[in-house]
Trainee: 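Before I ask anything, let me first share the structure, which is written out below as structure tokens.
Note on naming: letters A, B, ... go to the chains in the order of the sequence lines (proteins, then strands), and numbering restarts at 1 for each one.
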Number of protein chains: 2
Amino acid sequence: MIRGYCVDVTEAERPNRPRRPTLADVAARAGVSVALVSIVMRGVPGASADSRRRVMEAADELGYRPDSRARLLRSSNSRLIGVTFGVQHPFHGDLLTGLYTAAEEAGYELALSAVTPGRDEGRAVASLLQDRCEALILLGPHSPTSYLAELTTRLPVVVVARAVRHRALDVVRTADALGMHQAVDHLVALGHSRIAHIDGGRAPGTAERRRGYREALDRHGLADTAVVLPGGLTEDDGATAARALLALRQRPTAVTVFNDRCATGVLDVLHGAGLSVPRDMSVIGFDDDRLARLSHIALTTVAQDTEQLTAQAVARAVGRLDGTTAAEREVVIPPHLVVRATTGAPMQAFAETI
Amino acid sequence: MIRGYCVDVTEAERPNRPRRPTLADVAARAGVSVALVSIVMRGVPGASADSRRRVMEAADELGYRPDSRARLLRSSNSRLIGVTFGVQHPFHGDLLTGLYTAAEEAGYELALSAVTPGRDEGRAVASLLQDRCEALILLGPHSPTSYLAELTTRLPVVVVARAVRHRALDVVRTADALGMHQAVDHLVALGHSRIAHIDGGRAPGTAERRRGYREALDRHGLADTAVVLPGGLTEDDGATAARALLALRQRPTAVTVFNDRCATGVLDVLHGAGLSVPRDMSVIGFDDDRLARLSHIALTTVAQDTEQLTAQAVARAVGRLDGTTAAEREVVIPPHLVVRATTGAPMQAFAETI
DNA sequence: ATGAAAGCGCTAACAG
DNA sequence: CTGTTAGCGCTTTCAT
């Protein structure tokens with residue numbers, strides 16, 4: 001059937017929105033075949049400069065936009081990577097930013113699916129699967145490893161920012177322990193010898209960061225001074241932990257905290273108790289989120305390298321799809337310490353140097 | 001990308017991922033036609049209980065998942081609503097949560113497209129358009145109204161959380177002015193008579209909230225005491241404004257702030273200056289984001305009704321699609337005041353009552 | 001360089 | 001209730 005351009009108005013009554021133009025419309029207008037238009041639209045070689053121009057012109061006039069659904073349906077590979085993220089987690093926002101650029105460079109598109117209080121990870125993943133994603137990147141997933149592992153039988157899965165050990169799962173994460181080494185080394189270099197740690201409760205990464213803290217103290221011969229206080233990932237958790245910190249018999253002069261949000265709570269309580277930071281207490285966070293960068297907080301913190309994290313995550317996903325399978329399943333990205341205003345020499349050490 | 005040592009594996013030896021099953025596969029396995037399978041999978045009437053069971057069984061065994069692209073391509077209506085959101089804005093996360101449930105109830109799916117520092121709104125919208133969304137919901141868009149208006153010639157557009165006036169645009173927003181009335185009324189009831197306001201700089205909603213502040217003061221006969229300090233949406237903006245506040249000749253006893261993040265910065269500076277909140281200064285924020293709810297902040301704030309906001313946004317979009325066109329283009333949702341710990345009677349008033 | 005034609009996986013008439 | 005059939009808009013041989 002020859003369908004003219006967008007002139008056929010069948011339903012007369014409703015203010016009918018014009019049907020969006022298709023390849024055929026553009027072809028008709030440019031006086032060429034649909035195949036040729038397809039070639040031009042994809043920017044692949046196989047069309048003369050002249051028809052290329054004519055087609056582009058026609059497409060422009062019609063306001064033509066390729067239909068990605070149809071395109072994807074036809075071509076075997078969708079060049080689509082599915083991403084799940086938590087709406088509650090600001091850090092995931094930073095990761096999304098990096099993922100978009102990394103995916104674009106690799107010639108892939110992203111399909112987003114949010115995990116919300118009313119929409120669990122399973123549903124988020126299911127919708128991605130329906131969209132024919134070729135691979136999945138899961139940001140801080142909390143599903144059981146067994147479920148994630150099962151997913152890999154369907155498509156490549158890359159887990160970001162959560163340490164899971166499974167032979168079928170790719171993991172891209174920050175070297176949490178190393179980050180704590182950097183934090184402790186910095187404090188020791190400043191002259192601190194009584195350094196406490198506030199951990200992350202049940203959050204992923206807690207164990208690893210705590211281990212890093214202990215290792216670092218050990219290396220400095222300070223193992224017996226280690227104090228680990230229960231914490232969590234919120235400001236409130238930090239506030240609670242800070243009170244415990246202040247109640248300690250022999251008060252530390254510095255504290256490393258599981259993350260920046262928690263550290264903010266700590267700072268708050270310290271200030272409230274009339275202590276000065278860093279004079280009376282040095283504080284180091286983890287993540288370098290927007291909170292830490294605020295000038296009036298100026299938190300010294302261990303910064304996760306989101307650019308590397310996201311670039312590697314996409315590289316992994318694409319690698320699996322290409323079949324250029326890397327042997328190593330886990331990519332660990334070193335973080336780096338960002339020194340701001342919440343760390344300094346301890347009062348005693350300062351006194352001694354005078 | 002580190003593709004190093006891995007030799008390129010040829011098609012043949014690559015562990016070939018099984019092609020995902022199609023309707024035809026399920027049909028073959030169940031011994032019925034594809035049409036019947038389609039009927040069963042969509043859950044529409046027109047199949048016997050027996051074949052329904054057989055088909056479901058076959059689908060299950062094959063791990064069949066309908067291909068939404070193909071499905072959408074075929075049916076004229078995609079039942080897809082596109083949503084753009086800012087990855088920097090925590091409040092958008094809350095809105096997404098509501099949108100998902102509202103869309104589901106209306107029988108629509110959501111297609112998400114993020115606006116990031118490296119991906120502007122235009123691109124976010126373009127990708128949604130390619131995905132054949134039937135309508136667009138834009139969260140706090142910052143594109144010029146002319147661009148948004150032009151979009152409506154292609155499909156219905158609902159703007160959330162930004163006040164734009166245009167006859168072709170649906171807008172769902174909070175009654176910002178009313179919210180400020182509530183805030184000011186609350187402070188006046190507590191006995192405050194010198195109330196300042198810190199505005200939102202160039203952020204959407206700034207003018208409206210400032211207007212509300214002025215109106216409310218006026219109604220209480222306090223118009224001549226109005227003080228508006230330039231602010232913004234970040235903690236730093238709040239900190240800066242707070243310093244200006246403290247430097248004021250005749251210091252106010254209370255301040256309403258453009259949003260919670262900004263208010264947090266204000267609180268911080270106040271505490272740093274040795275002031276006690278609310279004894280020396282009452283503070284009210286706007287948004288009721290997670291920040292405000294933290295126990296050690298406990299910010300009194302004007303809460304936006306995200307549930308209503310999102311429900312109305314979806315209702316609007318669907319309404320335009322249905323042709324059940326509402327006359328009114330703007331839906332304004334009343335917010336409500338959440339009183340926490342940062343507001344109280346002013347010291348002077350308290351002294352007088354004794 | 002260009003065009004004709006065959007589907008991708010699915011839905012929606014229309015028969016039976 | 002079930003099957004047949006014709007496309008949705010696009011890519012992709014395979015001719016010309």
Trainee: So what is the end-to-end bend of the helix from C:dA1-D:dT16 to C:dG16-D:dC1, with 5 pairs used at each end and the value given to 10 degrees?
Mentor: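 For the helix from C:dA1-D:dT16 to C:dG16-D:dC1, the axes at opposite ends meet at about 40°.
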Trainee: Step through the shown structure and confirm whether more than 12 heavy atoms of other residues, nucleotides or ligands are within 6.0 Å of CD on A:Gln130.
Mentor: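 Atom CD in A:Gln130 is packed in, count exceeds 12.
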Trainee: Strictly below 4.0 Å, heavy-atom distances to any atom of DNA chain D: list the hits from residues 127-135 of chain B, or just say none.
Mentor: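 Heavy-atom cutoff 4.0 Å gives B:Arg132.
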Trainee: Quick test of your reading of the model: are B:Arg123 and A:Glu104 salt-bridged, counting only N-O distances below 4.0 Å?
Mentor: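 Answer for the salt bridge query: yes.
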Trainee: Under 3.5 Å, is there a donor-acceptor pair between the side chain of A:Glu109 and the main chain of A:Leu80?
Mentor: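 Checking the backbone N and O of A:Leu80 against the side chain of A:Glu109, no donor-acceptor pair under 3.5 Å is found.
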Trainee: Would you kindly give the CZ-to-P distance between B:Arg52 and D:dC1, to the nearest whole Å?
Mentor: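 B:Arg52 atom CZ is separated from D:dC1 atom P by 8 Å.
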Trainee: Rounding to a whole Å, what distance do you find between A:Asp67:CG and D:dC8:P?
Mentor: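 Those two atoms, CG and P, are 12 Å apart.
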Trainee: Less than 3.5 Å between a donor and an acceptor, one on the side chain of B:Arg74 and one on the base of D:dG7, is that the case here?
Mentor: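 Side chain to base: pair found, below 3.5 Å.
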Trainee: Tell me, please, the opening and closing nucleotides of DNA chain C, 5' to 3', among those with an atom under 4.0 angstrom from a non-hydrogen atom of chain B.
Mentor: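 Endpoints of the contacted stretch of DNA chain C: C:dG9 to C:dA12.
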Trainee: Could you list the residues that satisfy side chain to side chain contact (heavy atoms under 4.5 Å, CB included) with A:Ala106, not counting sequence neighbours?
Mentor: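 Once residues adjacent in sequence are excluded, the partners of A:Ala106 under the side chain to side chain contact (heavy atoms under 4.5 Å, CB included) criterion are A:Tyr108, A:Val314, A:Val318.
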Trainee: So does B:Ser75 get a side-chain nitrogen or oxygen closer than 4.0 Å to the phosphate oxygens (OP1/OP2) of D:dC8?
Mentor: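 Answer no for this pair, as no side-chain N or O of B:Ser75 is under 4.0 Å from OP1 or OP2.
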Trainee: Assess whether atom CD of A:Glu330 is packed by more than 12 heavy atoms of other residues, nucleotides or ligands within 6.0 Å.
Mentor: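 Check passes, neighbour count above 12.
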Trainee: What parts of residues 34-46 of chain A reach DNA chain D, counting only heavy atoms under 4.0 Å away?
Mentor: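 A:Ala35, A:Ser38, A:Arg42 - these, ordered by number, are the residues of the stretch whose heavy atoms sit under 4.0 Å from the strand.
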Trainee: Name all pairs fulfilling the ring pair (Phe, Tyr, Trp, His ring centres under 6.0 Å) condition that reach into residues 62-85 of chain A, sequence neighbours left out, sorted by first residue then second.
Mentor: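 Residue pairs with at least one partner in residues 62-85 of chain A: A:Phe85-B:Phe85.
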